[in-house]
Each structure stands twice: as C-alpha cells, then as structure tokens.
Amino acid sequence: MAELERLKMYIGGQWVEPCSGAYFETVDPFTARPWALVPRGNAEDADRAVRAAHAAFKGPWRTMHPSKRAKILHRFASLIEDHALALAEIEVRDNGRLLAEMHHQIAYIPNWYHYYAGLADKIEGVVHPCDKPALSYSRHEPLGVCVGIVPWNAPLLLFSLKAAPALAAGNTLVMKPAEHTSATALKLMELVEKAGFPEGVVNVVTGYGREVGEPLVTHPLTRHVGFTGSTATGAHLYSLAARDVKRVSLELGGKSPNIVFDDAAIDDAVRGVVGGIFGATGQTCIAGSRLLVQRKIHDQFVDKLSAFTASARVGDPRKRETQIGPIANQMQYDKVLGYIDIARQEGAELVLGGGRPDLEETSQGYFISPTIFTGVNNTMRIAREEVFGPVLSTIVFDEVEEAVDIANDSEFGLAAGVWTSDMKRALRMSDLLEAGSVWINTYRDISYTTPFGGYKKSGIGRENGVEGIREYLQTKAVWISTADEIKNPFVIG
Ligand code: NAD
C-alpha cells in the first residue's frame with residue numbers, strides 16, 4: 001500500500017511536526033480506509049501555539065489599523081473562493097459530506113470573512129453623558145489569544161464562524177479541529193500564508209481533545225475559549241475555563257422539535273422535515289430530530305414522509321446524484337446503530353430504515369439508511385438524547401399547548417421548526433418555544449447576518465451577526481478629568 005501523506009501543523013507561520021513525533025490515521029468514511037496521517041499534538045505543541053499567538057497579538061495584529069486587518073480578511077475570503085473546489089474535495093474525503101453540498105457550503109463560507117472584515121473598522125465606542133467633571137468614553141478592545149475547538153460535522157464552516165469575528169476584532173487564534181477531520185483546517189493555512197496574515201496570528205494544532213485541547217484551554221495566556229461540540233465536553237471545558245475566569249462561548253448539542261400543524265402546506269412540511277433531519281445525514285446540531293405531528297394529519301403525513309424519504313439516493317458522496325452520504329466516522333456509526341436498537345427496545349415503531357442499506361455501492365463505508373420511528377413519546381431516550389444521525393422520532397399531539405410543552409420538555413434549546421398556515425399561531429409559537437432559533441415554514445437556515453446559539457444546555461453566547469463579534473471584545477472605560485483642580489481627598493463632599 002502506498003505510504004500515506006503526513007500532514008503538518010501550522011504554528012507561528014511555520015509548518016511543523018508534532019513534538020511527540022506521533023501521527024494517527026484519518027479515514028475516508030466512504031471507503032472506511034485511511035488516507036492521510038495527522039500530527040498527534042500534545043501540551044508542548046499547545047504551548048508553542050498559544051505563545052506564537054500571544055506574540056502576534058502583542059506585536060503586529062492588535063496595533064494594525066482595523067481597515068488594514070479588514071483588507072487581509074477580504075483577501076483571505078477571496079482565496080477561499082478561488083480554492084473552493086480543492087477544499088470541498090478534501091472535506092468530502094475527511095467527513096463524507098456530499099460534494100454537491102460542500103460546493104455550496106464552501107462558496108458561502110467567504111461571506112463570514114467579508115462580513116466581519118466589513119465590521120472591523122466600525123467597532124465604535126461611545127462618549128458617556130458623565131455626571132462628573134470628566135470626559136468618559138468607552139472602547140471595545142480585543143481579548144488576546146482565542147482558542148477555537150470544533151467538531152467534525154462541518155469543519156470549515158464551524159472554523160470560520162469563530163475565526164472571522166475573532167480576527168476582525170483584533171484577536172489572534174489557535175484552532176483545534178476534530179481529530180477525525182483535521183485536513184481542511186490545515187489546507188486553509190496555505191491560504192492564511194498567501195493572504196498575508198502576520199506570523200502567529202492564525203495557528204492550527206491537531207490531535208485529541210484531552211492531549212492537546214485541554215492544554216489550550218488551561219494555558220495561562222489563553223483569554224477566550226470558543227467551543228463547538230457535545231454538551232458533555234462543553235460543560236467540562238467551561239469548568240476548566242472558570243478556574244482562570246476565562247471568557248467562553250459554547251455551541252453545543254440539540255434535540256430540536258419540528259412541529260407540523262394540521263393546517264400546514266403538507267408537501268412543504270414534508271420537504272422541510274426531511275431536510276431538517278436527513279440533510280448532512282442527520283449530523284447537524286440543529287437536526288429536527290423530534291417530529292411533532294398534529295393527530296388529525298399524523299397518518300397521512302407519515303405516509304408521505306416515508307415515501308419521500310425512501311426515494312432518497314444513498315451512496316458515494318462524490319457522485320452528483322447522491323442525496324445521502326455516510327456517517328462521518330466509525331465511532332458515530334456505532335453510536336447511531338446503538339440508538340436504533342434502543343428505540344426498538346423502548347417500543348417505538350420502525351417505519352423506515354433501521355440499519356445498513358443493502359447496496360453494493362455502500363458496502364464498505366459507514367452507511368445507515370434514513371430511519372423513521374413513530375409511536376415515540378417524549379420520555380423515551382430516543383426523544384431525549386442527541387443521536388446525531390439520520391434517525392427521526394415521531395410524536396403525536398392534539399393541542400397547541402401540548403405541542404409547546406413537549407417541545408420545551410428537553411434539556412436542549414438550540415432550534416425549533418413550526419409548520420402552519422396560521423401566522424398568528426406561528427408568532428405565538430415563536431414566543432413560547434425555548435430555542436435560540438425558531439424557523440416558521442422553513443428549517444435549517446443559518447446566515448452570517450443572523451445570531452445563532454442555544455438556550456439551556458445547547459450553549460452560551462451567540463455566533464454570527466453583530467452579536468457574534470461582541471463575544472470577542474471587552475469594554476474599557478476611559479476617564480479624563482476636566483476639573484480645574486484635583487480636590488483634597490481627605491475633605492469629603
Ligand atoms: P465532541 O465534544 O466530542 O468534540 C468536539 C471537539 O472537542 C473536538 O475537536 C474534540 O477533539 C474536542 N474535545 C473533546 N474532548 C476534549 C477535551 N477534554 N478537551 C478539549 N477538547 C476536547 O463533539 P463531536 O462528537 O466531535 O461533535 C458532535 C457534537 O457537536 C454534537 O453534540 C453536536 O450537536 C455538536 N455541534 C454543535 C453545534 C452548534 O453550533 N451548537 C454545531 C455543530 C456540532
């Protein structure tokens with residue numbers, strides 16, 4: 001077998017080997033075969049990356065005029081546009097997302113850099129109407145070294161949601177991609193070099209969470225931890241960051257309800273529910289994994305939903321006609337199959353899928369057919385725990401209030417969908433649902449312009465939009481005396 005390519009980490013503007021000298025394989029989920037070797041970073045690598053980022057922050061980046069920083073970010077965005085195809089192909093090989101979907105996603109990602117580049121020189125403080133003989137004004141300043149830790153389901157997109165606002169605000173960055181999908185973040189560093197970022201402004205270290213992620217979080221020079229991933233890991237990192245009172249933003253898991261009322265446009269709702277749960281093979285934090293259907297249309301809706309889902313072509317993610325690709329890695333594949341067994345044991349009724357597809361094309365990789373359960377109630381594990389795969393749990397309801405109670409009866413609060421032709425009802429639902437995003441007659445829309453984040457255990461802080469850059473800024477009040485003299489401090493009043 002041909003020797004696998006050895007990837008390198010990017011620290012302080014240099015391509016470097018890991019201090020440990022160790023590598024691990026990254027696997028193509030379509031073939032289940034390794035295709036490259038990823039550096040196994042450790043605490044020493046974390047230390048050199050954070051120090052490089054700190055030196056760059058103290059040096060050129062913080063003092064560079066924001067308009068000049070913006071130019072570099074715009075250039076970087078244009079380079080991503082130019083290299084979209086190469087990036088999409090690597091992402092598909094590393095995590096199995098559809099090539100067609102990745103073309104679209106990577107063409108959209110530069111918007112984050114353009115948008116925040118546009119904001120970089122519009123971060124304005126205010127002069128306060130001060131009640132003392134003083135001019136007092138505030139400035140919004142960068143924090144310093146920001147650590148970004150991201151999962152494997154949308155590596156480049158989730159990288160960019162953090163990198164664009166953090167850099168535009170004047171911070172420097174150390175990013176750690178997931179161990180299963182490190183290749184595109186490293187490829188992106190070739191474009192960081194070309195765009196003209198000063199050395200050390202953007203760094204990428206690779207490896208496992210405990211070995212290199214935790215040392216990044218606990219490093220004394222780290223000022224902000226931006227984490228996207230599971231709620232369990234997020235809560236753990238939150239407690240580590242709390243020891244040094246570091247700022248955090250957490251984008252965590254979900255178990256989002258997609259609620260279909262009996263007055264909904266049924267065909268639209270079917271498409272929205274299918275896109276919500278089976279898009280990206282169910283591996284999205286916002287997956288509409290709990291389908292709540294009003295009793296009157298339940299049977300008709302499930303029939304249409306099953307027929308439409310059954311028509312989806314599962315197969316090679318590189319083929320244009322494929323509509324559902326593999327699960328991104330073996331661990332997740334085993335986990336999803338485990339949840340299908342749990343649902344069966346809990347008494348849910350399987351109406352579609354439920355295991356591997358019986359196809360020659362999918363015989364090697366980590367494939368699971370789109371799976372639909374009915375007869376689920378909200379106390380079952382399949383309704384409460386995040387599966388992060390192509391498994392839909394259908395729950396029936398009668399009244400609006402019942403739908404709201406079921407929807408909100410979850411430890412998560414990331415997103416919710418509502419399908420109805422009654423706009424008053426839609427608006428009332430949007431008030432009552434405990435979720436960071438509520439979609440009415442649509443699902444899974446996100447944009448660089450619109451805040452995104454979770455209620456409850458789905459997270460802390462917001463990404464995207466103007467709110468997104470505030471996560472990476474701190475406010476300083478400056479006082480300048482306008483008094484004629486400084487009074488004797490021992491004479492009060
Ligand atoms: P995960 O928590 O296992 O891993 C995420 C990242 O954290 C990886 O880079 C991993 O290496 C790192 N990590 C793991 N343990 C660590 C530790 N002890 N210290 C430091 N870093 C550590 O999550 P996952 O399985 O890779 O991703 C799936 C999860 O991500 C799901 O729960 C999904 O809902 C969530 N997610 C959330 C959003 C959002 O915006 N809310 C978006 C995408 C995915």
Side-chain angles (χ1 to χ4, degrees), residues 24 26 38 40-43 45-46 94-95 97 105 147-162 174-182 184-185 204-219 222 225-241 246 248-256 277 279-289 327-336 339 385-389 410-415 435-437 444 446 450-464 468 471:
F24 57 88
T26 189
V38 177
R40 185 165 175 170
N42 62 17
D45 298 300
D94 230 8
N95 86 342
R97 287 287 271 258
Q105 192 177 93
V147 162
I149 300 183
V150 290
W152 42 261
N153 63 315
L156 271 188
L157 178 71
L158 299 173
F159 182 111
S160 301
L161 262 61
K162 300 193 187 316
V174 181
M175 296 296 296
K176 192 203 87 64
E179 51 272 32
H180 309 284
T181 55
S182 304
T184 39
V204 172
V205 296
T206 55
Y208 296 103
R210 288 211 180 266
E211 293 176 7
V212 72
E214 282 194 28
L216 288 174
V217 171
T218 55
H219 197 289
T222 296
V225 178
F227 173 79
T228 302
S230 63
T231 295
T233 308
H236 174 59
L237 297 186
Y238 193 18
S239 70
L240 293 181
K246 286 175 181 149
V248 296
S249 41
L250 304 172
E251 298 290 345
L252 309 175
K255 191 75 196 177
S256 299
I277 181 63
T281 320
Q283 301 165 111
T284 69
C285 52
I286 51 183
S289 52
I327 301 291
N329 56 68
Q330 165 110 46
M331 223 170 67
Q332 188 60 22
Y333 171 76
D334 293 339
K335 183 178 157 194
V336 177
Y339 270 109
E385 297 173 21
E386 186 181 43
V387 175
F388 217 60
S410 168
E411 63 180 10
F412 299 110
L414 194 56
S437 296
R444 258 185 91 206
I446 70 155
T450 305
F452 176 81
Y455 280 27
K456 301 191 273 187
K457 286 194 185 172
S458 289
I460 291 175
R462 291 293 176 268
E463 292 188 316
N464 307 339
E471 298 283 330

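Both ligands and their constituent atoms are indexed starting at 1 by order of listing. Below, all heavy atoms of this structure are taken into account, side chains as well, without hydrogens, waters or symmetry copies. Values in this document were obtained by computation on a predicted structure and should not be read as measured data.
By heavy-atom distance, the residue among G253, G229, G148 lying nearest atom 35 (C) of ligand 1 is G229.
Taking a 6.0 Å sphere around NZ of K246, one finds it holds more than 12 heavy atoms contributed by other residues, nucleotides or ligands.
By the criterion of a heavy-atom distance under 4.0 Å, neither the backbone nor the side chain of L216 is placed next to ligand 1. Only the side chain of E386 comes within contact range of ligand 1, with a heavy atom under 4.0 Å; no backbone atom does. Using a 4.0 Å cut-off between heavy atoms, H236 contacts ligand 1 through its side chain alone, with no backbone atom that close. By the criterion of a heavy-atom distance under 4.0 Å, neither the backbone nor the side chain of T284 is placed next to ligand 1. When non-hydrogen atoms are compared, ligand 1 lies under 4.0 Å from the backbone of L252 (N, CA, C, O) but not from its side chain. Contacts of L158 with ligand 1, taken as heavy-atom pairs under 4.0 Å, involve the side chain alone.
Among protein heavy atoms, atom 42 (C) of ligand 1 sits closest to C285 SG, 3.0 Å. For atom 8 (C) of ligand 1, the closest non-hydrogen atom on the protein side is V150 O, 3.4 Å. What sits closest to atom 28 (C) of ligand 1 on the protein, heavy atoms only, is F388 CE2, 3.6 Å. Counting only heavy atoms of the protein, atom 25 (O) of ligand 1 lies nearest to W152 NE1, 3.3 Å. The single protein non-hydrogen atom nearest to atom 15 (N) of ligand 1 is T233 CG2, 3.4 Å, given as residue, atom name and distance. For atom 18 (N) of ligand 1, the nearest protein heavy atom (residue, atom name, distance) is E214 OE2, 2.9 Å. Closest to atom 2 (O) of ligand 1 among all protein heavy atoms lies S230 OG, 2.7 Å. In terms of protein heavy-atom proximity, atom 21 (N) of ligand 1 is nearest to G209 CA, 3.5 Å.
When all heavy atoms of S256 and A287 are compared, the closest pair comes out as CB-O, 3.5 Å.
Proximity of atom 40 (O) of ligand 1 to the protein is indicated by at least one non-hydrogen atom lying closer than 4.0 angstrom.
By the 4.0 Å heavy-atom criterion, P177 is counted among the residues contacting ligand 1. Heavy-atom distances between T228 and ligand 1 reach below 4.0 Å in at least one pair.
Checking H180 against Q332 by side-chain atom types alone, no donor-acceptor pair falls below 3.5 Å. The closest side-chain donor-acceptor pair between T228 and K162 falls under 3.5 angstrom. Counting only N and O atoms by type, the side chains of N153 and T284 include no donor and acceptor under 3.5 Å apart.
Inter-residue side-chain proximity for T450 and N464 is flagged as unmet; no heavy-atom pair is nearer than 4.5 Å. Residues R97 and Q105 have side chains in contact (heavy-atom distance under 4.5 Å, counting atoms from C-beta outward). For the pair E251/F452, a side-chain contact is recorded, criterion being any heavy-atom separation below 4.5 Å from C-beta on. In this structure the side chain of Y238 never reaches within 4.5 angstrom of the side chain of V225, judged on heavy atoms. With contacts defined as side-chain heavy-atom distances shorter than 4.5 Å, the pair N42/V212 does not qualify.
V174 pairs in a side-chain contact (heavy atoms from CB on, under 4.5 Å) with only one of the listed residues (I149, D45, V204, L216), which is L216.
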Run the ring pair (Phe, Tyr, Trp, His ring centres under 6.0 Å) check on Y208 and F24 step by step: do they pass? CA-CA 10 Å; Y208 296 103; F24 57 88; 4.7 Å; yes
Evaluation steps, side-chain contact (heavy atoms from CB on, under 4.5 Å), between F227 and V150: CA-CA 6 Å; F227 173 79; V150 290; over 6 Å; no
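Atoms of ligand 1 found under 4.0 Å from any heavy atom of F452 (numbered from 1 in listed order, with element): 40 (O). Counting the atoms of ligand 1 from 1 in the order shown, those under 4.0 Å from a heavy atom of E179 are 10 (C), 11 (O). Those atoms of ligand 1 that come under 4.0 Å of a heavy atom in N153, given as number and element, are 43 (C), 44 (C). Here is the list of ligand 1 atoms found below 4.0 Å of a heavy atom in K176: 9 (O), 10 (C), 11 (O).
Residue F227 places no N or O, backbone or side chain, under 3.5 Å from any N or O of ligand 1.
Taking 4.0 Å as the cut-off between side-chain N and carboxylate O, K255 and E385 do not count as a salt-bridged pair.
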